[in-house]
Amino acid sequence: MRKFLLIAGIVLIVFFVISLITGILCRVGYYGILDASPELYRSLRFRYKLNFILSGVFAAAAIVCFIIRAKTKT
């Protein structure tokens with residue numbers, strides 16, 4: 001159980017980092033593009049908000065995995 005929680009926590013941290021980087025890149029694209037269609041702006045804004053929310057969820061889940069792992073005795 002402890003090994004599974006460790007692996008799950010590490011995988012969730014990797015997902016957190018990937019989601020955070022993707023969100024940052026979409027945010028840079030949203031503010032960096034000067035002349036584009038409204039659909040592109042809407043899409044980039046949706047993507048960066050979604051990725052920031054997902055990164056928070058992944059980070060919270062990883063923290064929960066590590067806390068549960070620390071409290072188990074086996």
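Predicted, not measured: the structure shown is a model, and the values here were computed from it. Below, all heavy atoms of this structure are taken into account, side chains as well, without hydrogens, waters or symmetry copies. Here, residue 1 is the first one in the sequence, and each next residue gets the next number.
Although no hydrogens or angles enter the test, the distance criterion places no donor-acceptor pair under 3.5 Å between the side chain of Tyr48 and the main chain of Val28. Side-chain atoms of Ser55 come within 3.5 Å of backbone atoms of Phe52 as a donor-acceptor pair (strictly under, hydrogens ignored). Of the possible polar contacts, one joining the Thr22 side chain to the Ile18 backbone as a donor-acceptor pair under 3.5 Å is found.
The minimum heavy-atom distance between Tyr30 and Leu44, with the atom names listed, is N-CD1, 3.8 Å. A pairwise comparison of heavy atoms in Phe66 and Ile13 identifies CE1-CD1, 3.4 Å as the closest pair. When all heavy atoms of Asn51 and Cys26 are compared, the pair lying nearest together is ND2-SG, 4.5 Å. The two residues Arg2 and Arg69 make their nearest non-hydrogen contact at NH1-O, 2.9 Å. Between Cys65 and Ala8, the closest heavy-atom pair is SG-CB, 4.2 Å.
Grouping the Ile, Leu, Val, Met, Phe, Trp and Tyr side chains by contacts below 4.5 angstrom, directly or via other members, places Val11 with Leu20. Both Ile33 and Leu25 are part of a single hydrophobic cluster, where members link through side-chain heavy atoms under 4.5 Å apart. Under the 4.5 Å side-chain heavy-atom criterion for ILVMFWY residues, a single connected hydrophobic cluster contains both Ile24 and Leu40.
No more than 12 heavy atoms of other residues, nucleotides or ligands lie within 6.0 Å of CZ in Phe46, so this atom counts as exposed by the packing criterion.
To the nearest 0.5 Å, atoms OG (Ser19) and CG (Leu50) are separated by 7.0 Å. Atom CD1 of residue Ile21 and atom CZ of residue Phe16 lie 9.5 Å apart, to the nearest 0.5 angstrom. Taken from CZ in Arg47 to CZ in Arg27, the straight-line distance is 16.0 Å, to the nearest 0.5 Å. Residue Leu5 holds its CG atom at 10.5 Å from CG of Leu12, rounded to the nearest 0.5 Å. The line from OG1 of Thr72 to CD1 of Ile68 is 8.5 Å long, rounded to the nearest 0.5 Å.
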